[in-house]
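Atoms considered below: every heavy atom in the structure, side chains included; atoms not considered: hydrogens, waters and symmetry mates. We name chains A, B, ... by the order of the sequence lines, and we start the count at 1 in each one.
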Amino acid sequence: MATTTYPTAHITPKPSTDGGEDQFLEVSMGPQHPSTHGVFRMNVVLDGERVVKLKPVFGYLHRNHEKIAENESYLGSMPYTDRLDYLCSITNNWAYALAVEKLAGIQVPERAEYLRVITGELTRLQNHACLIGFLMQDMGASGTPLMYAFREREKILDLFESLTGARMMCNYMRFGGCRVDASADWLQQAQKVMEAFPRFLDEYERLLTENEILMARTQGVGVLPRELAVNAGITGPMLRASGINYDIRKVDKYGIYDRFAFKVPLGEHGDVYDRYMIRVLEMRESIRILQQAMREISPGPIQDPKTKIRGFRPKAGEAYGRIESPKGELGFYLISDGSPNPYRYRVRPPSLINLTVLEEMCLGQNVADVVITLGSIDIVLGEVDR
Amino acid sequence: MDEPLKIALRKQGIFTTTLQELYNWGRKNSLWPLNFGLACCAIEMIATTMARYDMARFGAEVFRPSPRQADLMIVAGTVTKKMAPQVIRLYNQMPEPKYVISMGACAISGGPFKQGYNVLKGIDRYIPVDIYIPGCPPRPEALIDALMALQKKIDEQHLTGADRPRHLNLDTPSEFPVPQFGAHDLEPSQNPEIWHPPLVHISLAGKDESGNN
């Protein structure tokens, strides 16, 4: 067997001691694997325990979202966006609504903007809590952290259910507003959930943040250098964990985010531990935003009365709407030719683009660290493959 | 043994049962599902195992990542044409007796993505499905209901006779052919032994095949 050389290999394999030729082991992880977060597959080339090459294979959940959307009316695609990143449906709705509003020049009433912020930040809370749970599950803490996260998630899902009628697939946003108004009772319930959430975070942090095992497993693992993060177009908590101050809520100030005082937590090392920490801190900042939004929300209309529900045909043109989804920059690019359905419909998924640096982060690491590095990226396959 | 005698014996402290009842009781209360999520429904499947819904109450909490150790496959999510061969291969690797729950609209028929070019129009074209749960995604309660329906189904199975389950009948297959991705599509597009396209009678000019108007 001839020695195989891989162009991306930074490591030269150790010469074998028995006089034979150097050998690599190729392992295919996935698509059915408990820690690939769905149907993701990696072909990992190993030199002993160390990763020499990693090739991601995806498309196992390619559900033709974009092609279907080009044959749907604009509003008809809204339920499909729920199923992109199925952990946080409301932020997907928001990004799509924002793109269509830009395309058709629709204004959103103030109360609807507040409702968007409240539901969007609640989505961020439950997404980050679940992600940390899954990450700990990958690390071997099977059960407890994930159970705690899902206990809190169920409370937030109860809020979504009483507001929108669905636990996961909320289908809440409409062009120029929201679908249903939140009652005073609902806001009170949300207030209660929000006030109880920091206690959960304290409990979580007491369990995890200074945990020796967690620190030993995650610090210095899966490091993403700043230059690489910028060059690869990484966004979201992953980019901020590498120390780049870039949050679209601050950069674009879409909606009414300029009215809230909140900080953007930044990491320093760009390793898995920083990515864990960033999410905890972001949850705390989300609670601050929620507190302000709950205080300031005032009665009013929730839907722009000029928006046409039937026969909605935006003028020919193109628009790109983007938001800071819990995973990063989620954008929708739409081209209209004046017909009832978009001529081109393109999703810029944060998960897929954050996944592109997986190989660089994993080279030279042990194979067990590949799993937690993947877990810290926060991918959802519905969004990666679309 | 008739029921009054059983009850009389139980009052004496003697427990009687049949092999069939014991076998079914053991099987239905310790279902080991395959740890296998495909899409959105997998999140609801995880939620079902978590604290609030707690599938462990029904004896089905031991999710196994290996098909060799599992006896229940919950097809939770959209099966694409790229994933379908793997799903069927996993099913083949599971030991008998094995059961399949088709969770959610996508696994039943393709669901909202049915018009997509890459979506399988229902996993029951290739493997036999025991329980279907509609919904997009089904609530955790629906999955628990499906699990209880499956337990009832297992409890009613006979070990002998013509209607005995597949794993006790040596003539029926326990493995099913794995489709391959051919030039244009999955080949074969269905397993003709377990699935046929629904028959559609088209009546022309107000007359159907029976000759009535």
| task | Measure the spacing between CE of Met50(B) and CG of Leu146(A) and express it to the nearest 0.5 Å. | result | 3.5 Å

| remark: Output for pair (Cys130(A) SG, Ile46(B) CD1), nearest 0.5 Å, gives 8.5 Å

| said: For the interface with chain B, which of Leu157(A), Val39(A), Val380(A) has the highest count of heavy-atom pairs at distances below 4.5 Å? | reply: Val39(A)

| task | With a 4.5 angstrom heavy-atom cut-off, could you sort out which part of Leu38(B) is near chain A: side chain, backbone, both or neither? | result | both

| remark: Of Val79(B), Ile43(B), Val87(B), the largest count of non-hydrogen pairs under 4.5 angstrom with chain A goes to Ile43(B)

| query | How would you list, by chain and number, every residue that makes a salt bridge (charged side-chain N to carboxylate O under 4.0 Å, His left out) with Asp130(B), sequence neighbours excluded? | reply | Lys153(B)

| note | Honestly, the part of Met147(A) sitting under 4.5 Å from a heavy atom of chain B is both

| message | Please enumerate all residues that pass ring pair (Phe, Tyr, Trp, His ring centres under 6.0 Å) together with Tyr132(B), with sequence neighbours excluded. | response | none

| task | Measure Leu381(A) against the heavy atoms of chain B and call it side chain, backbone, both or neither at under 4.5 Å. | result | neither

| query | Out of curiosity, Met168(A) CE to Cys40(B) SG, how far, rounded to the nearest 0.5 Å? | reply | 6.0 Å

| Which bit of Phe134(A) comes within less than 4.5 Å of chain B, counting heavy atoms only: side chain, backbone, both or neither? | side chain

| Portion of Ala42(B) that has a non-hydrogen atom of chain A nearer than 4.5 angstrom | neither

| request: Sort Leu87(A) into side chain, backbone, both or neither according to what part of it lies under 4.5 angstrom from a heavy atom of chain B. | output: side chain

Check chain B against chain A and list any donor-acceptor pairs under 3.5 Å.
| from | atom 1 | to | atom 2 | distance (Å) |
| --- | --- | --- | --- | --- |
| Asn35(B) | O | Gln32(A) | NE2 | 3.1 |
| Glu44(B) | OE1 | Arg167(A) | NH2 | 2.9 |
| Glu44(B) | OE2 | Arg167(A) | NE | 2.9 |
| Arg52(B) | NH1 | Asp158(A) | OD1 | 3.1 |
| Arg52(B) | NH1 | Asp158(A) | OD2 | 3.0 |
| Arg52(B) | NH2 | Asp158(A) | OD2 | 2.9 |
| Tyr53(B) | OH | Arg167(A) | NH1 | 3.3 |
| Pro65(B) | O | Gln32(A) | NE2 | 3.1 |
| Thr78(B) | OG1 | Arg63(A) | NH1 | 2.8 |
| Thr80(B) | OG1 | Tyr60(A) | O | 2.7 |
| Lys82(B) | NZ | Phe58(A) | O | 3.0 |
| Pro112(B) | O | Tyr80(A) | OH | 2.6 |
| Gln115(B) | NE2 | Tyr80(A) | OH | 3.4 |
| Tyr117(B) | N | Asn64(A) | OD1 | 3.2 |
| Tyr117(B) | OH | His62(A) | NE2 | 2.8 |
| Asn118(B) | N | Asn64(A) | OD1 | 3.4 |
| Asn118(B) | ND2 | His62(A) | O | 3.0 |
| Cys136(B) | O | Arg83(A) | NH2 | 3.3 |
| Arg139(B) | NH1 | Glu161(A) | OE1 | 3.3 |
| Arg139(B) | NH1 | Glu161(A) | OE2 | 2.6 |

| field | Counterpart residues, salt bridge (charged side-chain N to carboxylate O under 4.0 Å, His left out), relative to Lys98(B) (two or more places apart) | value | none

